[in-house]
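What follows is a short report on a single structure.
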Amino acid sequence: MERREFLGSGLTAAAMIGASQVNVASAHAKTGGGLESTGSPWPLRNSEAFEYQSSAVGDKMAVGVWSHPKSNPLRSDAKGPPLDVVYVLDGSFALAVAATICTLQSVDLINPGYKPVLLVGVDYPVDAENARTRDYTMKDSIPLSLSERMAQASKIVPGGADKFLEFLENELDPLIRAKYNTTNRPAGIVGDSFGGTFTFYAFLRQSMLFDRYWLGSPGIFTTSTDYVAQFEARLKEKLVHPTRMFLSMGSKEMSGGMDFYEDMGRSFNRIVSALHRNKSSDLTWASKIYDGETHTSVFMPAMNDAMIYLYGNHAP
């Protein structure tokens, strides 16, 4: 479940510590073949990186902001229409993936019209402990067997999603909207694995901040608290915004022989069934199971489809 450990260091450097539009190269070291080192990592271009000490979470957060260069509000002389905000969880690697998707969609000649957005990646500073297990999960949402497995690798305690949501709503979002040229519309939020757990939670809480959600392979497990039942009860009520949602999972998560993934698969099926039973004019949604994909391999195709479904003008 801790994707950052094996997906991340290269994109982490690019997305979170690479200087975006400012050339911070120091002494250039010449290498063989005429290559000349810039002295800095390859950056995620058209981005900026920050750190923020959150009082809600009680920890330092890393934040990366990206927009398409043709509508780049990161420039001091930027002009043009304001952009919708999209929060990207596990931003140390997922921000670069989302930026790639948005860039490619913006030049699609077959399905044109993908509107620029402002992507805001959220993660943890380089070399800090990855606390997504704490920040993306609800209380009593992790089964004991999985909690014990996680405790062997980390002292992070699950169950802090309420505090992380407070950070996004009351600390980060006001700063983003004050600094950049954004619309006043609700934001989107995209997350996978425990990131999908948090997007599930944000919808469950009916946060005023969000109206578009990607629930990617959400880590919803069987515990003494039936969160799927709470989800279905929420669907019977009026939503705070007209909402769009994309849900995804790999088929080998659901039947690949790994007990906690298969538990997630059963919860996923219950979530989708609840959506079918509780149709609402306030909610537009789609779900997809990716044949042959695992918990890790499903991330790339599912995020691509999620961004198209949530912000494009055609079905993925």
Side-chain angles (χ1 to χ4, degrees), residues 7 10-11 14-15 18 20-21 42-48 64-75 78-122 176 180-183 185-193 195-196 199 210-217 241-251 283-293 296-316:
L7 280 177
L11 284 176
S20 55
Q21 295 177 325
W42 182 271
L44 176 61
R45 297 180 182 184
N46 308 302
S47 71
E48 293 181 327
V65 182
W66 177 92
S67 71
H68 192 278
K70 289 186 177 179
S71 59
N72 192 348
L74 308 183
R75 297 193 307 262
K79 298 179 181 179
L83 304 182
D84 286 341
V85 177
V86 184
Y87 287 96
V88 183
L89 302 182
D90 291 310
S92 59
F93 65 87
L95 179 62
V97 178
T100 300
I101 293 166
C102 292
T103 299
L104 293 175
Q105 286 302 310
S106 71
V107 294
D108 191 326
L109 299 179
I110 305 299
N111 294 303
Y114 193 90
K115 295 182 179 179
V117 294
L118 186 77
L119 300 178
V120 181
V122 184
I176 293 298
Y180 299 103
N181 181 25
T182 69
T183 69
R185 289 191 290 267
I189 185 166
V190 294
D192 185 67
S193 187
T199 59
F210 306 115
D211 69 348
R212 303 189 195 199
Y213 300 83
W214 174 38
L215 280 61
S217 299
H241 300 298
T243 298
R244 197 167 181 86
M245 178 186 293
F246 187 77
L247 307 94
S248 60
M249 183 162 278
S251 67
L283 179 61
T284 303
W285 65 277
S287 68
K288 185 173 181 179
I289 296 173
Y290 291 76
D291 188 44
E293 302 294 352
T296 54
S297 67
V298 73
F299 172 77
M300 299 287 277
M303 186 178 213
N304 182 74
D305 289 350
M307 293 300 295
I308 293 173
Y309 183 81
L310 296 177
Y311 289 96
N313 56 7
H314 67 283

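Residue numbers run from 1 in the order of the sequence given.
- Contact record, F246 with A302: CE2-O, 3.9 Å, taken as the closest heavy-atom pair.
- Residues M307 and C102 form a side-chain contact, since some pair of their non-hydrogen atoms from C-beta on lies under 4.5 Å apart.
- Note that CG of L89 and CG of L95 are 11.5 Å apart. Values are rounded to the nearest 0.5 Å.
- Screening residues 303-316 for salt bridge (charged side-chain N to carboxylate O under 4.0 Å, His left out) gives K288-D305 as the qualifying pairs, with residues at least two apart or on separate chains.
- By the ring pair (Phe, Tyr, Trp, His ring centres under 6.0 Å) test, Y311 pairs with no residue at all, sequence neighbours left out.
- To the nearest 0.5 Å, atoms CG (L74) and CD (E48) are separated by 4.5 Å.
- A side-chain contact (heavy atoms from CB on, under 4.5 Å) with V120 is found for exactly one of V88, I176, V86, namely I176.
- Taking 4.5 Å as the limit, every side-chain heavy atom of T103 sits out of range of all side-chain heavy atoms of R45.
- Judged purely by atom type and a 3.5 angstrom limit, N313 uses its side chain to pair as donor or acceptor with the backbone of P112.
- Residues passing the side chain to side chain contact (heavy atoms under 4.5 Å, CB included) test with T243, sequence neighbours excluded: F203, Y213, L239, H241, L283.
- By the 4.5 Å heavy-atom criterion applied to side chains, V298 and M249 are not counted as neighbours.
- Closest of all the heavy-atom pairs between L83 and S67 is CD1-CB, 3.9 Å.
- Using modelled atom types and a 3.5 Å distance limit, the side chains of W214 and T199 yield no donor-acceptor pair.
- Using cut-offs of 30° and 60° on the angle between ring planes, the pair F299 and F93 is perpendicular.
- Once rounded to the nearest 0.5 Å, the distance linking CG of D84 with NZ of K115 reads 8.0 Å.
- Looking at D192, its side chain never comes within 3.5 Å of a backbone N or O of M303 through a donor-acceptor pair.
- One distance of note links OG of S71 with CG of N46; it measures 9.0 Å at 0.5 Å rounding.
- For the atom pair NE2 (H314) and CG (D108), the distance works out to 6.0 Å, reported to the nearest 0.5 Å.
- To the nearest 0.5 angstrom, S251 atom OG is 4.5 Å from D291 atom CG.
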Criterion side-chain contact (heavy atoms from CB on, under 4.5 Å) on M300 and V97, from CA distance to verdict
CA-CA 8 Å; M300 299 287 277; V97 178; 3.9 Å; yes
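- Side-chain contact check for L247 versus Y309: every heavy-atom pair is 4.5 Å or farther apart.
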List the steps, then state whether side-chain contact (heavy atoms from CB on, under 4.5 Å) holds for I308 with Q105.
CA-CA 8 Å; I308 293 173; Q105 286 302 310; 3.4 Å; yes
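- Between F210 and Y87, the ring planes are perpendicular. Angles over 60° get that label, and only those under 30° would be called parallel.
- In this structure, the side chains of Y180 and V65 come closer than 4.5 Å at one or more pairs of heavy atoms.
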